[in-house]
Amino acid sequence: QITLRESGPTLVKPTQTLTLTCTFSGFSLNTGGVGVGWIRQPPGKALEWLALIYWNDDKRYSPYVKNSLTISKDTSKDQVVFTMTNMDPVDTATYYCAHLVSTMTTGYFQDWGQGILVTVSS
Amino acid sequence: DIVLTQSPLSLSVTPGESVSISCRCSESLGQSAQHHYLDWYLQKPGQSPEVLIYLASTRASGVPDRFSGSGSGTDFTLRISRVEAEDVGVYYCMQALQTPFTFGQGTNLEIK
């Protein structure tokens, strides 16, 4: 059984840096084709892809987010850490981490965490 | 970057009806039947999204055969036959051909 769980602060102040951790089980980030992504969803709005890290440490980021994004993995702990700098109230959202399955012909988020609601407010 | 446009943005249907949701891409996701990086997700109220369809037409594990996906190039469709009450929620298409991955705006399905 594959599980993912997001952890981190639920309230951050404007200009602060958000650090979220995704702890997963049931798969390995050492396996070819596997990735972990971060997706967010502002209240009442659509999903927005933010970042992705692949098994080979290839990292991809959204160019649409003004904040500086960083993603990293610790395979010994089965964790992925995501940071977003200079948080603003518009960054208030539920942040999900998700398990990506990718091959030469497809890619999809097979499993999702429950999400963590992060509110940005002074 | 690839923009995905869904239509309609909302649906209100009677149980037992069949519905289709369209997802149009600003660029081709591939013409080959083997290469369609288009996925469909359902987000039920208060829950995380779950994958329904990947590779444009392959049902994910455990997904009822009432759900089917089709399409190629820039035009894709999710069809739900015999809608049930448990199908309520927001449906999203997503392209995974290239980063940044992008989602459609979502289609909200309600039951009358």
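Protein chains get the first letters and strands the later ones, always in sequence-line order, with residue 1 at the start of each. This one's a predicted model, so the numbers in the text were calculated from it and none came from an experiment.
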hydrophobic_cluster_shared for A/Ile2 and B/Leu42, side chain cutoff 4.5 Å: no
Within 6.0 Å of NZ in A/Lys66, more than 12 heavy atoms from elsewhere: no
Backbone of B/Tyr41 reached by a side-chain donor or acceptor of A/Tyr108 within 3.5 Å: no
ILVMFWY network linking B/Leu11 to B/Phe76, side-chain heavy atoms under 4.5 angstrom: yes
Contact residues of residues 39-54 of chain A (partner chain B; heavy-atom separation under 4.5 angstrom): A/Ile39, A/Gln41, A/Lys45, A/Ala46, A/Leu47, A/Glu48, A/Trp49, A/Leu52, A/Tyr54
Under 4.5 Å from any heavy atom of chain B - which part of A/Phe109: both
Minimum-distance pair of heavy atoms, taken over all atoms of B/Asp39 and A/Gly107: OD2-O, 2.7 Å
Hphob cluster co-occupancy, A/Leu4 + A/Leu100, side-chain heavy atoms under 4.5 angstrom: no
Shared hydrophobic cluster for A/Val80 and A/Trp55 (ILVMFWY, side-chain gaps under 4.5 Å): no
B/Ser48 (side chain) donor-acceptor with A/Trp112 (main chain) under 3.5 angstrom: no
Engaged part of B/Tyr92 at the chain A interface, taking heavy atoms whose separation is under 4.5 Å: side chain
Side chain / backbone / both / neither for B/Gln47 at chain A, heavy atoms under 4.5 Å: backbone
Side chain, backbone, both or neither of A/Thr103 within contact of chain B (heavy atoms, under 4.5 Å): backbone
Spacing of OH belonging to B/Tyr54 relative to OG belonging to A/Ser102, to within rounding of 0.5 Å: 13.0 Å
Those residues that, when tested against A/Ser25, pass side chain to side chain donor-acceptor pair (under 3.5 Å) (two or more places apart): A/Thr3
